[in-house]
Asks: 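I have a structure I would like to understand better, so I am pasting it below and will then ask my questions one at a time.
As the structure is a computational prediction, the values presented were derived from the model and not from experiment. Chain naming here is simple, since letters A, B, ... match the order of the sequence lines and numbering starts at 1 in each. Atoms considered below: every heavy atom in the structure, side chains included; atoms not considered: hydrogens, waters and symmetry mates.
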Amino acid sequence: MNNQRDEQKIYDLWQKNGLFRADPDSLKKPYSLLMPPPNLTGSPHMGHAIQHAIMDAIARFKRMQGFDVLLLPGVDHAGIQFESTLNKLLAKENLNKEKLGREAWLKRAWQFKDEVYQSFHGTWSVFGISADWPKEVFTLEQKVQKAMLKEFKTFWEQGLLYKGAYIVQWCPKDNTAIEDVEMEYEERKEKLYYIRYKIEGIEKFITVATARPETIYADTAIAVYPKHHRFSKFIGKIAVNPLNGNLLPIIEDARVEKDFGTGALKITPGHDPLDFAIGKDHGLGILHSVDKSGRMTKLARDLAGLKVAEAREKAAEKLEKLGAIEEIKDYTHSVPVCERCKTVVEPLVSEEWFVKMKPLAEKALKHLNEINFIPKNYHKIIKDWLKEIHDWSISRSLWWGHRIPVWYCEDCNPNHLVGKNEDVEISLEQPPHPCKTCKGGHWIQDDQVLDTWFTSNLWPFATLGWPEQTKELQRYYPWSFELSAPEIKYLWIARMIMLGLHFMDDIPWKNMFFHGTVRDLQGRKMSKSLGNGVDPLDLVDQWGTDATRMALYSYAAPGRDPRVSRQTMDERCKNYRNFATKLQNLYRFIYELKPEGAATEPNFSHREDVEIVRYLNDTINSVTNNIESLHLHLATEELYDFIWHKFADSYVELSKKRRPAAQPCLEYVFKTCLKLLHPFMPFTTEELWQKQHHGGKPVLSEAGKSIMLTEWPGA
RNA sequence: GGACUCGUAGCUCAGUUGGUUAGAGCGCUUCAUUUACACUGAAGAGGUCAGAAGUUCGAGUCUUCUCGAGUCCACCA
């Protein structure tokens with residue numbers, strides 16, 4: 001079937017009859033699938049298409065097996081991504097956050113959310129997803145807000161939350177802190193500068209290597225590795241900052257690499273994580289020569305206001321003039337960039353909120369083997385990461401998201417510190433009562449919002465109504481099945497495990513399936529900037545939903561990265577489009593061209609009947625097993641091979657010689673095949689199931705009942 | 001530096017616990033010409049399963065090493 005109107009009609013019929021709805025009161029056994037919420041921005045890509053195709057096939061299969069299936073959809077507000085998309089749009093209107101102010105900006109944001117949501121939501125049904133739409137959840141809605149408050153409050157009461165000035169990865173373009181897991185590295189050819197710092201009082205120098213001379217303004221010490229062969233004699237002496245004359249203690253620290261550069265390191269706690277750690281242990285101060293917008297601060301004197309790249313050259317020129325440069329080497333290294341906007345990330349010190357993850361990770365490690373990872377090696381990958389867990393930085397300097405539910409008493413806590421707790425309240429609304437410390441009532445809410453993942457990671461239970469103990473929560477948690485792209489295995493998957501165990505005292509899902517990353521023929525990720533993407537909606541337009549789905553299943557081997565182009569996808573889709581046509585023709589042959597006086601009673605005793613039924617039973621068994629073990633690529637290939645080659649090419653051809661006698665077997669095999677195909681090709685199978693002969697009742701369906709309501713064949 | 005994945009036909013890929021002659025789709029060659037279906041059917045060419053060694057009665061599959069491709073983590077002064 002290649003007519004989207006027909007598909008829409010069938011989809012509407014399913015919806016109208018409530019066939020996608022889960023029923024918490026059902027006596028059937030529950031089977032729950034949690035759809036990964038796509039980001040609010042952007043149109044569906046191949047990754048979504050493959051996820052949805054897999055999820056939906058399993059949901060349909062389990063329904064036919066007699067389970068009460070919950071396939072729960074949702075949408076993620078995608079904080080940073082959404083905000084930057086909106087801000088780009090606003091810039092075209094010569095508007096920005098500052099001009100609008102928080103309230104007006106948020107109004108615009110919600111408007112924009114509705115626009116984006118509508119445009120991309122319509123595309124979902126195109127894939128035939130049999131999701132329980134009335135249960136759909138958006139991560140910013142009230143239900144999730146309540147869950148977020150509970151989460152935050154619980155962490156707070158358990159002493160797992162803290163706020164403080166720490167070195168964070170700052171994206172100057174998105175203007176917020178991001179996490180390590182949200183960064184990428186790019187190989188860049190840069191320079192490594194060897195800078196001489198004069199030792200105070202004597203005519204000697206200590207030389208350090210740096211790639212970032214512009215941060216020299218923010219140096220607070222020089223560190224050398226223990227028992228340095230040349231510099232250990234300078235320990236305890238003072239070096240002079242060549243750019244501003246600041247006095248820098250020379251210290252010893254084992255974290256300085258012996259074999260890198262000169263074995264001496266300038267310590268800039270404000271702009272480097274290692275330096276920050278060393279500085280903390282040695283009680284050094286923190287200075288910033290670069291600000292949060294990526295420009296030089298007043299500390300850089302006449303370079304103030306310049307961008308980092310420019311300031312780097314200017315600083316190098318100055319040092320050159322001062323004769324402080326010993327050597328400049330070419331230097332290729334990886335530079336951290338923001339995963340989303342590819343801007344060079346600036347490590348700097350900022351006031352942020354963190355969650356202590358160690359206790360959560362420890363519990364997760366204990367229960368990790370209760371989850372069936374597919375493929376299996378992800379168990380080890382997640383385990384290794386949990387063992388080396390870092391605290392989770394949860395605050396973002398954005399407006400799009402859940403605002404941190406913390407209120408500070410402006411009268412006695414004007415710096416918005418956290419620690420004593422009496423002058424801080426955790427609440428969604430302004431506290432109605434005065435501050436316990438000073439009896440003042442001037443509350444100010446924390447300015448930042450929470451990391452998008454702070455709520456995404458509650459997904460397995462917030463979507464079911466937690467913290468309320470709903471029927472759904474008790475029935476569908478833990479989820480039977482979850483799937484994910486490998487890219488977000490730490491950001492999302494590992495954290496859901498930790499939070500699930502922490503708040504629900506149980507793993508979030510029993511089966512965790514990782515599909516591959518769809519790549520181009522050269523193995524590169526698909527991206528807008530490379531222009532190598534394939535739009536799944538184009539494929540659906542050209543070849544129909546079912547053909548596109550079938551093409552996707554052939555790439556659904558667990559954990560394998562498919563390499564595709566528009567051309568290779570077209571080839572496969574065309575193949576399955578032809579397969580759908582084959583099914584139409586089989587129907588025509590078997591039912592519409594049924595001979596007069598054909599046998600009606602099944603009597604599969606003829607050698608050919610016995611053989612095809614045996615093949616069919618083998619196929620049923622093996623397709624069932626392959627779906628259960630999530631080898632959808634094998635299940636679809638077997639069906640294709642059986643129907644096309646064994647049934648159509650061989651049995652159907654042979655049957656022509658003895659058509660009247662073969663009729664019951666033809667009908668039986670064909671009907672069974674439609675059921676077996678339904679999870680993968682929902683529209684074509686339903687269309688044939690409902691097809692009417694000479695304007696009468698449907699031939700296959702009893703009383704027009706959907707094929708979705710038939711029982712999964714057993715051998 | 002640590003971990004993981006992969007290397008099979010011209011291309012994209014299957015090949016679940018080791019078991020006859022290694023498969024599919026596309027592409028290619030030849031034939032069939034209106035058949036339920038040309039969005040078709042029949043036949044065929046095409047592979048030292050990256051390389052080497054080992055375990056085994058038997059290895060695409062298990063082990064070790066080499067070469068090549070890619071991913072993730074850590075570090076990058």
Asks: For B:U34 and B:U12, measure between their C1' atoms and round to the nearest Å.
Replies: 33 Å
Asks: Which dot-bracket string fits RNA chain B when only Watson-Crick or G-U wobble pairs with both atom distances under 3.5 Å count, crossing pairs get [ ], and | stands for a partner on a different strand?
Replies: (((((((..((((.....[...)))).(((((.......))))).....(((((..]....))))))))))))....
Asks: By the definition side chain to side chain contact (heavy atoms under 4.5 Å, CB included), identify the one residue from A:V240, A:I238, A:I216 that meets it with A:Y197.
Replies: A:I216
Asks: Could you pull out the closest heavy-atom pair between A:M526 and A:G533, with the gap in Å?
Replies: SD-CA, 3.8 Å
Asks: Is the A:Y615 to A:F647 ring centre distance short of 6.0 Å?
Replies: no
Asks: Nearest to the side chain of A:T581 - B:A3, B:U12, B:C39?
Replies: B:C39
Asks: Check every strand shown and say whether A:D275 touches a base, only sugar-phosphate, or nothing at a heavy-atom separation below 4.0 Å.
Replies: nothing
Asks: Which residues satisfy the ring pair (Phe, Tyr, Trp, His ring centres under 6.0 Å) test with A:Y166, sequence neighbours excluded?
Replies: A:Y162, A:F354
Asks: With rounding to whole Å, what would you report as the distance between B:U5 and B:C75 at their P atoms?
Replies: 23 Å
Asks: Measure CG/A:D384 against P/B:C4 and give the value in whole Å, please.
Replies: 8 Å
Asks: Please tell me which of A:L265 and A:F579 maps to the more 5' nucleotide of RNA chain B, matching each residue to the nucleotide holding its nearest heavy atom.
Replies: A:F579
Asks: Can you identify which nucleotide, out of B:C76, B:U12, B:A3, has its nearest atom closest to the A:L274 side chain?
Replies: B:C76
Asks: Decide, yes or no, whether a salt bridge links A:K646 with A:E611 under the criterion of side-chain N to carboxylate O below 4.0 Å.
Replies: no
Asks: My understanding is that only residues two or more places apart in sequence, or in another chain, count here; which of them pass side chain to side chain donor-acceptor pair (under 3.5 Å) with A:R659?
Replies: A:Q663
Asks: Please state the C1' separation for the pair B:G25 and B:C39 - nearest whole angstrom.
Replies: 15 Å
Asks: On RNA chain B, compare the nucleotides closest to A:L192 and A:K582; which residue's is nearer the 5' end?
Replies: A:K582
Asks: Please encode protein proximity along nucleotides 67-72 of chain B as a string of B, S and -, counting only heavy-atom distances under 4.0 Å.
Replies: ----SS
Asks: Looking at residues at least two apart in the chain, or sitting in another chain, which of them share a ring pair (Phe, Tyr, Trp, His ring centres under 6.0 Å) with A:F680?
Replies: A:Y553
Asks: Between B:C39 atom P and A:I643 atom CD1, what is the distance in whole Å?
Replies: 21 Å
Asks: Assign the ring pair A:F670 / A:Y587 to parallel, tilted or perpendicular, where the plane angle (0 to 90°) is split at 30° and 60°.
Replies: tilted
Asks: Rounding to the closest angstrom, what is the interatomic distance between B:G27 and B:U16 at atom P?
Replies: 28 Å
Asks: Base, sugar-phosphate alone, or nothing: which one does A:V564 contact when heavy atoms must sit under 4.0 Å apart?
Replies: nothing
Asks: Is A:Y378 touching bases, backbone alone, or none of the nucleic acid, heavy atoms closer than 4.0 Å?
Replies: nothing
Asks: When rounded to the nearest 0.5 angstrom, what distance separates CG in A:L319 from CD in A:E317?
Replies: 10.0 Å
Asks: Students often get this wrong, so: under 4.0 angstrom with heavy atoms, is A:P336 touching a base, only sugar-phosphate, or nothing?
Replies: nothing
Asks: Quick one: what's the B/S/- string for nucleotides 14-33 of chain B, heavy-atom cutoff under 4.0 Å, read 5' to 3'?
Replies: SSB--------SS-------
Asks: Whole angstrom is fine here: how far is it from CZ in A:F589 over to P in B:A36?
Replies: 6 Å
Asks: Taking the C1' atom in each of B:G41 and B:A36, what is the distance between them to the nearest angstrom?
Replies: 12 Å
Asks: So what does A:E388 touch, heavy atoms closer than 4.0 Å: a base, only the sugar-phosphate, or nothing?
Replies: nothing
Asks: In whole angstrom, give me the gap between the P atoms of B:A69 and B:C26.
Replies: 32 Å
Asks: Determine the interplanar angle of the A:F373 and A:F514 rings, folded into 0 to 90°, and report it as parallel if under 30°, tilted if 30 to 60°, perpendicular if over 60°.
Replies: parallel
Asks: Does A:R563 pair with A:D520 as a salt bridge, N-O distance under 4.0 Å?
Replies: no
Asks: Taking the inter-plane angle between the rings of A:F231 and A:H228 on a 0 to 90° scale, is it parallel (under 30°), tilted (30 to 60°) or perpendicular (over 60°)?
Replies: parallel
Asks: In whole Å, I'd like the distance from the NZ atom of A:K387 to the P atom of B:A74.
Replies: 16 Å
Asks: Check the distance between B:C13's P and A:L552's CG and give it to me in whole angstrom.
Replies: 14 Å
Asks: Can you tell me the distance, in whole Å, between the CG atom of A:D259 and the P atom of B:C75?
Replies: 19 Å
Asks: Quick one: is A:K380 getting a side-chain N or O under 4.0 Å of the B:A3 phosphate, OP1 or OP2?
Replies: no
Asks: Touch check for A:E257, heavy atoms < 4.0 angstrom, all strands: base, sugar-phosphate only, or nothing?
Replies: base
Asks: With rounding to the closest Å, how many angstrom separate the P atoms on B:G58 and B:C6?
Replies: 26 Å
Asks: Roughly how far apart, to the nearest Å, are B:U61 and B:G18 at atom C1'?
Replies: 6 Å
Asks: Please report, rounded to the nearest Å, how far the P atom of B:G2 is from the CH2 atom of A:W385.
Replies: 23 Å
Asks: Is the A:H333 ring parallel, tilted or perpendicular to the A:Y331 ring (thresholds 30°, 60°)?
Replies: tilted
Asks: Distance check, rounded to the nearest 0.5 Å: A:T210 atom OG1 versus A:L192 atom CG?
Replies: 7.5 Å
Asks: Just the rounded figure in Å: distance from C1' of B:C13 to OH of A:Y576.
Replies: 11 Å
